[in-house]
Amino acid sequence: MRIATWNVNSIRSRIDRVEAWLARSQVDVLAIQESKAKDEQFPYDRFRALGYQVAHHGVSQWNGVAIASRVGLDDVQVGFDGAPGWGEPATAEARAIGATCGGIRMWSLYVPNGRALEDPHMAYKLSWLDRLRDQATGWAADGTPVALCGDWNIAPTDDDVWSMEYYADKSHVSPGERAAFHAFLDAGFVDVVRPHTPGPGVYTYWDYQRLAFQKRRGMRIDFVLGSPSLAARVAGAVIDREERKGTGASDHAPVVVQLDA
DNA sequence: ATGGTAGCACCGCTA
């Protein structure tokens with residue numbers, strides 16, 4: 001079985017590329033982030049035509065998460081208990097959806113950006129991650145294979161950014177964010193991609209600006225964190241940077257994990 | 001050459 005995660009940066013503008021990528025990548029389950037669509041705008045039919053069931057959660061033009069599966073899709077959960085909201089008044093954003101696909105408890109996660117170190121969005125990001133870790137620990141407690149897939153908006157080590165000088169005073173690399181990410185590892189989750197895609201200089205995201213992709217100026221911020229029983233089944237992983245090329249690409253590359261059996 | 005992109009919805013916001 002093959003699972004993947006991809007921040008598509010608008011499903012409506014990217015659907016042709018997503019369709020073509022599914023056809024050639026042959027993934028069984030795809031966690032999608034940043035659909036930038038409400039449920040009624042999501043192109044369900046395009047996925048169905050390829051043999052995938054889809055669960056999508058989108059409430060505005062921002063955020064939006066989905067799971068597409070051709071190995072079953074059951075027990076869909078929108079959001080997670082205790083997830084903090086944003087705005088005034090604080091309301092839950094469309095940043096998490098879970099479903100059981102082929103025996104794997106899949107989660108598509110779009111972690112809040114943080115924006116800047118002193119921005120209120122940073123506290124929201126850290127709180128959101130703390131609550132997620134608390135919940136995810138419970139999901140995996142009985143040995144269920146859990147895959148926390150998504151855009152984490154954190155570069156956990158210096159090797160995960162093209163320049164620490166550039167990011168020194170910016171979000172994504174701060175000690176607080178890295179601690180929030182590391183807390184998942186402490187809870188038993190494993191970055192199942194890194195052993196198969198060693199760095200430095202290996203990224204999943206490149207800004208659209210300043211020819212970042214061509215200059216190899218990226219960040220590794222998209223991850224599949226597996227519970228121990230999932231991690232034990234990982235046979236390989238790739239970051240499909242070919243998909244970042246050409247006109248009409250998302251600014252994120254898909255990340256694919258091959259599982260035994 | 002000291003700026004550059006992209007997407008959505010609206011003329012700014014988010015990334």
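Note on naming: letters A, B, ... go to the chains in the order of the sequence lines (proteins, then strands), and numbering restarts at 1 for each one.
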> Can you give one letter per nucleotide of nucleotides 1-7 of chain B, going 5' to 3': B for a protein heavy atom under 4.0 Å from the base, S for sugar-phosphate only, - for none?
Replying inline: ---BBSB

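With both ends at atom C1', the span from dC11(B) to dG7(B) equals 15 Å, rounded to whole Å. Going from the C1' atom of dA15(B) to that of dA9(B) covers 15 Å, rounded to whole Å. Rounded to a whole angstrom, the distance from the P atom of dC10(B) to that of dA6(B) is 22 Å.
Taken residue by residue, residues 109-131 of chain A places heavy atoms nearer than 4.0 Å to DNA chain B at Y110(A), N113(A), R115(A).
To the nearest angstrom, C1' of dA15(B) lies 8 Å from CG of N153(A). Note: CH2 (W152(A)) to P (dA15(B)) measures 18 Å, nearest angstrom. dC13(B) atom P lies 16 Å from atom CD of E93(A), rounded to whole Å. Residue N7(A) contributes atom CG, which lies 11 Å from atom P of dA15(B) at whole-angstrom precision. To the nearest angstrom, P of dC8(B) lies 13 Å from CZ of F42(A). Remark: P of dA15(B) and OH of Y205(A) are 11 Å apart, rounded to the nearest angstrom. Taking atom CD1 of I11(A) as the reference point, atom C1' of dC8(B) lies 15 Å away to the nearest angstrom.
Among residues two or more places apart in sequence or in another chain, the ring-ring contact (aromatic ring centres under 6.0 Å, His included) test is passed with Y208(A) by none. For F213(A), the ring-ring contact (aromatic ring centres under 6.0 Å, His included) partners at least two apart in sequence or on another chain are W206(A). Not counting sequence neighbours, W62(A) has no partner by the ring-ring contact (aromatic ring centres under 6.0 Å, His included) test. With sequence neighbours left out, F181(A) forms a ring-ring contact (aromatic ring centres under 6.0 Å, His included) with W152(A), F223(A).
Under a 4.0 Å N-O distance rule, the pair R194(A)/D191(A) does not qualify as a salt bridge. Note on R178(A) versus D160(A): no salt bridge recorded, every NZ/NE/NH1/NH2 to OD/OE distance being 4.0 Å or above. A salt bridge links D16(A) with R46(A); the closest basic N to acidic carboxylate O contact falls under 4.0 Å.
Cation-pi geometry between R105(A) and W139(A) is not met: the NZ or CZ atom fails to fall both under 6.0 Å from the ring centre and inside 45° of the normal.
Closest of all the heavy-atom pairs between G79(A) and Q77(A) is O-NE2, 3.1 Å.
A residue-by-residue look at H252(A) and S35(A) shows that S35(A) has its nearest nucleotide of DNA chain B further toward the 5' end. Each of E34(A) and Q61(A) was assigned the nucleotide of DNA chain B with the nearest heavy atom; the assignment lying further toward the 5' end belongs to Q61(A).
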